[in-house]
Each structure stands twice: as structure tokens, then as C-alpha cells.
Amino acid sequence: MAALSKSIPHNCYEIGHTWHPSCRVSFLQITGGALEESLKIYAPLYLIAAILRKRKLDYYLHKLLPEILQSASFLTANGALYMAFFCILRKILGKFYSWTPGFGAALPASYVAILIERKSRRGLLTIYMANLVLLFCITAAMYMFFFRCKDGLKGFTFSALRFIVGKEEIPTHSFSPEAAYAKVEQKREQHKEKPRRMNMIGLVRKFVDSICKHGPRHRCCKHYEDNCISYCIKGFIRMFSVGYLIQCCLRIPSAFRHLFTKPSRLLSLFYNKENFQLGAFLGSFVSIYKGTSCFLRWIRNLDDELHAIIAGFLAGISMMFYKSTTISMYLASKLVETMYFKGIEAGKVPYFPHADTIIYSISTAICFQAAVMEVQTLRPSYWKFLLRLTKGKFAVMNRKVLDVFGTGASKHFQDFIPRLDPRYTTVTPELPTEFS
């Protein structure tokens, strides 16, 4: 642990923005790079989310672009303001302490940045956990339980789960199997009168129906048009297709950059390993959840909300196909946020104003402190994200100078020595070759 009172006299150019001596120029360069990467992240993300949520034309015309710009501004500010406060703290304190290059600069930067983001998107951030799949299993179990409970989930979370697992799993607490079955029989008669055009999806559906035509279905199951076997198979095919298409869409910008130079790269758009991994993750999650739910209905002869805990936990094993720290941690943080606000509504948990903002700021500041002083303790995925956001500039900090604090800051940067202009330094710089 570095001594908090220990300090070094170097200026911000010698440690932070080693690529340019000007604080202002460095800030603008970080801002431009961060904005570019933020737009690349949020533009396809919001577009795909809008398509999946079946937004109307008015949303695309008036709300999509402002929401993209707002979230991109938040992420840009997080990186750019860190650089600004890095320099400001050095000018105020006159020197660097062990906490100022990371935690000290990132805390106010993160706090200001998160205020730019929409409140509905201010999720609670936590330190990364070791066992990713187990965390996702527990998170999925609780989400599916709240999904099945009356007034358990609302808004986008409920709509997203309804899209993923299907409307058949929506809780109906005044459930009458016989009445619902009669409605489905009437619906089937209408389908007979109106023949459906046989496209590719129709052919696949017909093939699956032919395989599972005489399969069983429990009276408590609400998927009356399908038996339990075809219900699970169709769920897998549907979400596998969604996952595959999402991953294809995310790869379109990078693939088309090589349209004329390397046309063969376009094939990777459709035959990429990640496309099938995301599809397998979503497809297996849905099929395992539905299959387990049906199995428990058969075993217990009733439809119970508690089934969702077991089914959701087992479905979480699907994370093995697509191990994503981002997905797992985001869902876990939103689950904590959901449970916290439910506790407030029940009067059992005190309300702390701006709790999400404060926790986000502290969590991000801790991650930045690790990124500056102890990169070896940071998850590789988060380090790659910081490099992407800053166009690689986070890697060119003068960490050899920071070794004096005893954290091994330069452990993974032994061969890097920045080329500093002696005219702008307070300490004679160590140069790998003659400065030019």
C-alpha cells in the first residue's frame, strides 16, 4: 500500500499527458478520441435497442439522436474530465501524491460525468467479481422471480424479459387454464380460415411442429399452441437468431471499412465465432428457462412463481457460451438497484438521495486508481476499454516515476520511457534515446 503522505515534484506533463506538454491540447485530444469511441459504442447500442423495443417513427425522428448524444457525452466527459482534474489537482497541490493521479482525479470527473447521463441509466457499479457464471446465475434467478411476481418488474426490464422468454411466461394471477385453452382453440380456427404464406421461418416452424406434434403439454402451461418440447425448441431458435443478428449488426461498421481493401473480410460478418456464441447464449438461456419451468409444472402439478428462481438459476449456466463481464455486472448492478428501490417502497430501507451517483463515482475512481497505480489488479476487459476510450493514451503515462509509491505501477510497462521535452519538465527526464 502506497504511503498517502509521500509525494513527488513532477508536473502533469511528466506523468500524465506525456505525448504533449500542453494541458489544454491534451484535454482536447482526449475529448475528441473519447467522443469518437463513445459514439461508436452507443449509436449501434441504442439503434438495436429501439428495434427490439419496436419503437415508433416519432422516436427515431426526435428522441434517438438526443439519447445517443447524451450517453456519448457522459462517457466522453468521464474520460476528458479525468484529464482536466488530473492537471487541476497538480496545479492546486503543487505535487503528486499516491492518490491524486488515479482516485483524486477520477472521483470529481466521474461525479460530474454521471450527472450528464439520464437518471434511468445510472446503474450501480461495483468492483468486478471473480466467478462470472455463478454471479450471472444468481442474478438471472432473482430477475426471473421478480418477473413472475405481481408488480415485480416494470418498464424496460419487464419489456426486455417479455421479449426474451416470451409472453407465455408473463404472470397471470387470475389464471384459468380451461378458459385460456378455449380462446386458443378459437384462434386456431381463425388460422385455418386464413392460410399463412410459407416463408423460411414458416418452413422451420412446420418442421419443428412435425417433430413434436404428439408431444406432451401440462394443463398449467400457457403455451397452448405448442407442446412443451416444441415450446423449448422454438424458443431456442428464435433467440439464437436474435443473438446472431445482433452480433452481425455490431460488426457491420468494422467489416465495411475493409469493403474495398479486403473484400474477403465481409465473410467474417456472417461466419464469426462471436455471432454464434451470442446466439447460443440467448438461445440456451431461453430454452433452459422454459424447459425447467415446464418440468417443474409437471413435477409439482401447479404453476408457481418460485419455479422462476430454479429455472432462472439453471438458465444462467448459458453464460458459459458468452462470458461477458459487462453483461453480468450490469445486470447485477441493476438488480441491486431494483431491490434497493423495492425496499424503499416497502418502507424497510432508508432512502439516500443521489446514492447511485455517489456509488458510481467512488467505484469508477477506485478502478481509475488501479488503472494508474496497479494495472495488474485490473480486469483485462476494463483495461482494454480504457485504452479504447483514450486512443491508447492511458498506456503512455510515466509509471516508472510512480514506482516510488510502492505499488508496482510500471510492472507491465518496464520497456516504456516517455520522450519528454526537458524545457517543460521539473525533473531531468530519463530518455531512451537522444531527444529530437
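The line from OG of Ser22 to NE2 of His17 is 7.5 Å long, rounded to the nearest 0.5 Å. With rounding to the nearest 0.5 Å, the separation of OG in Ser293 from CE in Met144 is 7.5 Å. Rounding to the nearest 0.5 Å gives a distance of 9.0 Å between CG of Leu45 and CD1 of Ile41. Met320 CE to Cys137 SG: the interatomic distance, rounded to the nearest 0.5 Å, is 9.5 Å. From Cys12, atom SG reaches atom CG of Leu89 across 10.5 Å, with rounding to the nearest 0.5 Å. One finds the CD1 atom of Ile229 at 7.0 Å from the CD1 atom of Ile233 (value rounded to the nearest 0.5 Å).
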Next on the checklist: Using the rule given for side-chain contact (heavy atoms from CB on, under 4.5 Å), can you reason through Val375 versus Lys411, listing the C-alpha separation, both sets of side-chain angles and the distance that settles it, and then say yes or no?
Outcome noted: CA-CA 8 Å; Val375 176; Lys411 183 176 180 179; over 6 Å; no

Next on the checklist: Using the rule given for salt bridge (Lys or Arg N to Asp or Glu O under 4.0 Å), can you reason through Asp403 versus Arg399, listing the C-alpha separation, both sets of side-chain angles and the distance that settles it, and then say yes or no?
Outcome noted: CA-CA 7 Å; Asp403 281 340; Arg399 288 178 169 81; over 6 Å; no

Next on the checklist: Please evaluate residues Lys393 and Met83 with respect to the criterion side-chain contact (heavy atoms from CB on, under 4.5 Å), reporting the C-alpha separation (whole Å), side-chain torsions for both, the decisive distance (0.1 Å), and the verdict.
Outcome noted: CA-CA 11 Å; Lys393 290 183 173 59; Met83 190 76 268; over 6 Å; no

Checklist entry - Where do Leu282 and Tyr322 land on the side-chain contact (heavy atoms from CB on, under 4.5 Å) test, with the steps shown first? => result CA-CA 9 Å; Leu282 292 176; Tyr322 191 79; over 6 Å; no

Item to check | Verdict with supporting geometry, His307 and Leu302, side-chain contact (heavy atoms from CB on, under 4.5 Å) | outcome: CA-CA 10 Å; His307 292 174; Leu302 57 88; 4.2 Å; yes

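Considering only heavy atoms from C-beta on, Asn78 comes within 4.5 Å of Ser110 through its side chain. The closest side-chain heavy-atom distance from Arg55 to Tyr60 is below 4.5 Å. With a 4.5 Å cut-off on side-chain heavy atoms, Leu389 and Lys384 do not count as touching. A 4.5 Å side-chain heavy-atom check between Leu402 and Phe405 finds at least one atom pair inside the cut-off. The shortest side-chain heavy-atom distance between Val112 and Leu115 does not fall under the 4.5 Å cut-off. The side-chain heavy atoms of Asp304 and Arg297, taken from C-beta on, include no pair separated by under 4.5 Å. Using a 4.5 Å heavy-atom threshold, the side chains of Arg238 and Val286 count as separate. With a 4.5 Å cut-off on side-chain heavy atoms, Trp383 and Gln376 do not count as touching.
Remark: the backbone N or O of Phe394 is paired with a side-chain donor or acceptor of Thr390 at under 3.5 angstrom. Between the Asn227 side chain and the Ser230 main chain, a donor and an acceptor come within less than 3.5 Å of each other. Here the side chain of Ser287 pairs no donor or acceptor atom with the backbone of Gly235 at under 3.5 angstrom. For the pair Gln70 (side chain) and Ile116 (backbone), a donor-acceptor distance under 3.5 Å is present. In this structure, the side chain of Thr364 does not engage the main chain of Ser361 through any donor-acceptor pair within 3.5 Å. For the pair Thr292 (side chain) and Tyr289 (backbone), a donor-acceptor distance under 3.5 Å is absent.
For Trp298 against Cys228, the heavy-atom pair with the smallest separation is NE1-SG, 3.5 Å. Taking every heavy atom of both residues into account, Thr76 and Thr31 meet most closely at CG2-O, 3.6 Å. Taking all atoms of both residues into account, the shortest heavy-atom contact from Ala365 to Ala106 is CA-CB, 3.7 Å. In terms of heavy-atom proximity, Gln29 sits nearest to Trp19 at OE1-NE1, 2.5 Å. Across all non-hydrogen atoms, the minimal contact from Thr18 to Ile15 is CG2-O, 3.7 Å. Contact between Ile30 and Gly79 at its shortest, heavy atoms only, is CG2-O, 3.7 Å.
Aromatic pair Phe96/Phe86: ring centres closer than 6.0 Å. Between Phe368 and Tyr82, the distance separating the two ring centers is shorter than 6.0 angstrom.
Exactly one residue among Phe281, Phe276, Phe236 makes a ring pair (Phe, Tyr, Trp, His ring centres under 6.0 Å) with Tyr244. That residue is Phe276. Put simply, the residue from Tyr46, Tyr42, Tyr59 that forms a side-chain hydrogen bond (donor to acceptor under 3.5 Å, both in side chains) with Glu67 is Tyr59.
Not counting sequence neighbours, the partners of Lys391 by the salt bridge (charged side-chain N to carboxylate O under 4.0 Å, His left out) test are Glu36, Glu37.
A cation-pi geometry, defined here as NZ or CZ lying under 6.0 Å from the six-membered ring centre and within 45° of its normal, holds between Lys342 and Phe146. Arg162 forms no cation-pi arrangement with Phe147, by the criterion of a distance under 6.0 Å to the ring centre and an angle within 45° of the ring axis.
Ion pairing between a basic and an acidic side chain is recognised when a charged N comes within 4.0 Å of a carboxylate O; Asp415 and Lys400 show no such pairing.
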